[in-house]
*Asks:* 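Structure incoming, see below.
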Protein chains: 4
Amino acid sequence: MPLERRAVTKEEVVKDFRTGEIANAARRVIGELGYPEASMERIAQEAGVSKGTLYLYYRNKRALLLTAIEHSFDELMTETRIRTERVKGCEAQLGAMVRAWVEHTNEQRAFFRVLQLVGPDLSEELRGLQEIYHGFLSELLNRGQQAGELRGHDSAQVARLVVNLLRGTSLARLNQSDPPDAEDEIATIVDVLMHGIAAGDAR
Amino acid sequence: MPLERRAVTKEEVVKDFRTGEIANAARRVIGELGYPEASMERIAQEAGVSKGTLYLYYRNKRALLLTAIEHSFDELMTETRIRTERVKGCEAQLGAMVRAWVEHTNEQRAFFRVLQLVGPDLSEELRGLQEIYHGFLSELLNRGQQAGELRGHDSAQVARLVVNLLRGTSLARLNQSDPPDAEDEIATIVDVLMHGIAAGDAR
Amino acid sequence: MPLERRAVTKEEVVKDFRTGEIANAARRVIGELGYPEASMERIAQEAGVSKGTLYLYYRNKRALLLTAIEHSFDELMTETRIRTERVKGCEAQLGAMVRAWVEHTNEQRAFFRVLQLVGPDLSEELRGLQEIYHGFLSELLNRGQQAGELRGHDSAQVARLVVNLLRGTSLARLNQSDPPDAEDEIATIVDVLMHGIAAGDAR
Amino acid sequence: MPLERRAVTKEEVVKDFRTGEIANAARRVIGELGYPEASMERIAQEAGVSKGTLYLYYRNKRALLLTAIEHSFDELMTETRIRTERVKGCEAQLGAMVRAWVEHTNEQRAFFRVLQLVGPDLSEELRGLQEIYHGFLSELLNRGQQAGELRGHDSAQVARLVVNLLRGTSLARLNQSDPPDAEDEIATIVDVLMHGIAAGDAR
DNA sequence: CATGAATGAGGGTTCATTCAT
DNA sequence: CATGAATGAACCCTCATTCAT
């Protein structure tokens with residue numbers, strides 16, 4: 001039974017393997033050079049195949065780019081889900097999200113690089129991914145409010161703010177040779193996000 | 001002395017005028033089309049000069065880009081200074097900064113568009129500008145702490161966070177066909193920044 | 001002997017079968033898409049084999065093309081022979097040839113499409129085929145002269161003219177969305193060919 | 001006065017010169033290699049400029065091709081008009097047309113090569129040119145009929161036939177290393193066209 | 001100084017051909 | 001024998017940069 005399944009899969013596995021390998025190469029190159037500089041030639045080199053081979057697995061550069069981003073996003077999302085389920089309480093979960101994001105920044109440079117420059121054309125397709133993340137975060141915030149842990153902000157608005165903050169943070173870390181210690185930065189983000197910077201008000 | 005100075009100036013004035021005019025044209029074009037689509041040809045058209053002339057004033061596209069960003073930044077900085085001086089209290093001043101930034105996003109799309117794709121190489125040269133903004137914000141926060149308006153965070157760290165948040169916000173607004181109302185977004189930012197999202201703690 | 005011959009034949013029959021099948025597929029594809037658009041990939045699909053298999057039977061695209069043309073030509077020639085034998089009299093036979101050719105244009109688009117772009121190199125190898133047709137026509141004209149039905153032109157020259165006319169006609173029909181009615185065109189060709197366009201001379 | 005006109009023209013003259021020169025190069029290359037093999041690179045070489053320069057004068061390959069053909073056609077048409085006006089009588093004029101065409105075949109190989117393979121896309125734009133030639137010939141035939149020199153054929157149909165014959169003739173001459181003597185071929189064409197090949201009928 | 005025609009490296013993409021399986 | 005994944009040369013085209021005028 002597994003045999004037959006393996007038999008069917010055999011070529012598919014190879015195909016999937018290649019597909020993923022190329023997408024990874026694309027991620028690396030984009031992460032290093034940014035999207036405009038990431039030529040198909042360069043990606044092919046990185047993947048150890050010829051330029052033409054790229055087109056066996058992806059219709060065009062755009063499709064390859066899209067897949068690379070989706071891969072990156074899936075990893076981020078998976079990691080985020082795993083970590084937030086491990087802890088309890090809104091603040092802790094928010095912390096987990098932030099940590100997942102920031103740590104991802106280092107590994108998945110491509111993802112964030114692309115998120116930066118995403119033109120109006122690409123953003124169309126990426127909107128879906130953004131909304132998944134956004135929705136996940138909104139729900140987390142909603143639960144926090146219902147649990148009385150959070151104030152009564154508009155969850156969607158706050159979620160947007162948090163995502164913007166995270167994205168900006170990635171940007172900064174990406175473009176600096178020696179970004180601040182990740183743990184420190186995460187702690188600051190969570191602290192400010194939760195409690196603000198104003199001196200203790202009696203609120 | 002005045003003679004010589006005038007003589008030198010006369011040419012320099014013209015040179016500076018051209019230099020600035022071209023940089024502004026570059027800003028407009030980049031703002032409209034984004035960096036990858038902003039060709040030298042198009043910028044020359046916008047500036048009303050020929051392509052070759054661009055190279056009389058700028059070594060290459062990169063240098064032109066850099067200057068364009070600097071101009072944009074100068075305007076942002078000037079505007080920021082003016083507005084923060086008009087109001088009193090740390091929260092109000094922070095609000096003024098945020099407002100200046102967000103409004104700039106709409107007018108100076110070029111600035112932010114370029115900041116988006118700023119590779120590791122470019123960011124090297126922009127570091128200086130960032131530090132100016134950063135320093136200004138840090139000092140503002142410091143004064144807030146000394147006035148007892150703010151908690152005792154590390155000002156530099158918080159300043160960094162704020163800048164990241166602003167940058168991320170610009171990014172989002174730039175890539176959305178209908179971003180949320182600017183005033184709402186500004187208000188949310190300032191509120192969360194000042195007071196956090198956690199339910200009223202007695203801190 | 002028969003044994004050996006059978007042994008040889010068995011393989012050869014299969015080989016010939018494949019060879020012909022592929023050539024026919026090539027004809028169909030070329031006829032439909034024209035030569036430049038007829039990719040080996042597409043021909044392989046049409047033939048129901050893989051791209052690689054094509055190269056087991058033909059050295060390269062050129063060779064395949066050549067064979068496809070030859071096949072097409074064989075059919076034209078066979079059809080031409082059959083039809084001309086069915087009728088008597090030079091004019092009728094000429095008409096049969098013209099009709100066979102024009103009707104072939106519709107069915108065997110590939111043949112004519114290819115003849116269109118036939119470069120000096122290809123035409124070298126097709127010369128043989130042309131000469132067969134040419135010879136057949138020349139003889140027909142000769143017999144017509146001996147029978148007193150035709151004037152005393154140089155048969156070879158006239159044959160050449162007729163072939164050129166037919167080829168030009170195919171070309172035109174191929175590149176027009178709605179070519180004139182075939183019967184009308186055939187009739188005009190035969191009439192003009194036989195009697196010319198000059199007003200009745202006593203010749 | 002002429003001075004000023006020259007001043008205005010100066011750059012335009014250069015531009016026109018280049019434009020024509022490139023079109024001529026295109027004609028030569030297409031004439032030699034046929035359209036599919038005529039790469040922009042090759043045309044650039046022939047014109048003695050770089051690939052990029054081609055695009056300063058023509059939007060794309062298609063546009064260049066089109067212009068090249070139009071140039072060729074204009075020359076053919078001009079030559080045809082001049083020669084037919086020089087002689088009197090329908091037969092003589094027809095002969096002049098045939099002669100112009102056949103002689104053109106040698107010089108303007110590109111024109112005929114392209115006319116051969118002209119795909120459905122191109123033929124759209126070339127239809128206009130064809131119709132000019134066609135119309136000219138039709139009118140010539142009409143006048144012949146009215147003058148009683150020609151039989152009462154449908155001029156348009158006969159014109160079509162003649163054009164097809166000419167085109168086919170070009171094709172043949174183009175693809176042969178040693179085509180028959182031009183004068184002989186022309187004479188045969190005119191004779192057959194006028195009087196047919198049938199033995200003297202009393203018509 | 002200013003110009004813009006010219007350049008040519010490089011972009012994404014296609015496809016005839018090869019070869020390990 | 002048959003396959004089809006892989007190749008890489010060649011395609012058309014763009015654009016930052018140069019330089020003769």
Side-chain angles (χ1 to χ4, degrees), chain A residues 10-11 14-15 17-19 22 36-44 47-65, chain B residues 11 14-15 18 22 36-45 47-65, chain C residues 11 14-15 18 22 36-45 47-65, chain D residues 10-11 14-15 17-19 22 36-44 47-65:
Chain A
K10 196 156 121 190
E11 28 179 58
V14 170
K15 179 136 191 167
F17 178 68
R18 278 276 201 242
T19 302
I22 290 173
E37 305 301 320
S39 71
M40 291 301 264
E41 176 71 48
R42 185 76 182 69
I43 292 173
V49 299
S50 79
K51 233 186 330 175
T53 302
L54 261 38
Y55 289 87
L56 291 181
Y57 297 94
Y58 295 95
R59 203 167 0 95
N60 52 33
K61 188 182 178 184
R62 189 186 149 79
L64 172 50
L65 168 69
Chain B
E11 299 168 353
V14 171
K15 177 136 191 169
R18 279 272 205 242
I22 290 172
E37 303 299 320
S39 68
M40 294 299 265
E41 178 70 47
R42 186 76 185 71
I43 293 171
Q45 268 180 30
V49 299
S50 79
K51 228 182 335 174
T53 305
L54 261 39
Y55 287 85
L56 293 179
Y57 296 96
Y58 296 96
R59 199 165 6 91
N60 51 32
K61 194 181 178 184
R62 197 170 177 288
L64 173 50
L65 170 68
Chain C
E11 299 169 353
V14 172
K15 177 137 190 167
R18 280 272 206 241
I22 290 172
E37 303 300 320
S39 68
M40 293 299 265
E41 177 70 49
R42 185 78 184 70
I43 293 172
Q45 267 180 31
V49 299
S50 80
K51 230 184 331 175
T53 303
L54 261 40
Y55 288 85
L56 291 178
Y57 295 97
Y58 296 96
R59 201 168 359 95
N60 52 30
K61 192 179 178 183
R62 196 170 178 286
L64 173 50
L65 169 68
Chain D
K10 196 155 119 192
E11 31 180 56
V14 170
K15 178 136 193 168
F17 177 69
R18 280 274 201 243
T19 302
I22 290 173
E37 304 301 319
S39 72
M40 292 301 265
E41 176 71 49
R42 185 76 182 71
I43 292 172
V49 299
S50 79
K51 231 187 328 176
T53 303
L54 262 39
Y55 290 87
L56 292 180
Y57 296 95
Y58 296 95
R59 201 166 3 93
N60 51 33
K61 188 182 179 183
R62 191 186 148 79
L64 173 49
L65 168 70

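Convention: sequence-line order gives letters A, B, ...; per-chain numbering from 1. Heavy-atom basis, side chains included; hydrogens, waters and symmetry copies ignored.
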*Asks:* How many whole angstroms separate atom CD1 of I43(C) from atom P of dG4(F)?
*Replies:* 17 Å
*Asks:* If every non-hydrogen atom of I43(C) is compared with every non-hydrogen atom of A38(C), which pair is closest and at what distance?
*Replies:* CD1-O, 4.3 Å
*Asks:* Expressed as a whole number of angstroms, how long is the span from Q45(C):CD to dC15(E):P?
*Replies:*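 Distance, rounded to whole Å: 12 Å.
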*Asks:* List for me each residue that meets salt bridge (charged side-chain N to carboxylate O under 4.0 Å, His left out) alongside R18(A), sequence neighbours excluded, and say none if there are none.
*Replies:*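 With sequence neighbours excluded, R18(A) shows a salt bridge (charged side-chain N to carboxylate O under 4.0 Å, His left out) to E21(A), given in chain and number order.
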*Asks:* Going by atom type alone, with no hydrogens or angles, which donor-acceptor pairs under 3.5 Å involve a side-chain atom of residues 51-59 of chain B and a protein atom two or more places apart or on another chain?
*Replies:*
from	atom 1	to	atom 2	distance (Å)
K51(B)	NZ	E41(B)	OE1	3.4
T53(B)	OG1	S50(B)	OG	3.1
Y58(B)	OH	T19(B)	O	2.7

*Asks:* In chain order, what residues pass the salt bridge (charged side-chain N to carboxylate O under 4.0 Å, His left out) check against R42(B), with sequence neighbours excluded?
*Replies:* E46(B)
*Asks:* Defining pairs by Watson-Crick or G-U wobble geometry with both distances under 3.5 Å, how would you list the stems of DNA chain E with at least three pairs each?
*Replies:* E:2-21 with F:2-21
*Asks:* Can you sort out the partners of K61(C) under salt bridge (charged side-chain N to carboxylate O under 4.0 Å, His left out), two or more places apart, ordered by chain and number?
*Replies:* none
*Asks:* Which nucleotides of nucleotides 6-14 of chain F have their base under 4.0 Å from a protein heavy atom (B), which only their sugar-phosphate (S), and which neither (-), written as one string 5' to 3'?
*Replies:* BBB-BSBBB
*Asks:* May I have the distance from Y58(C) (atom OH) to dT18(E) (atom P), rounded to whole angstrom?
*Replies:* 17 Å
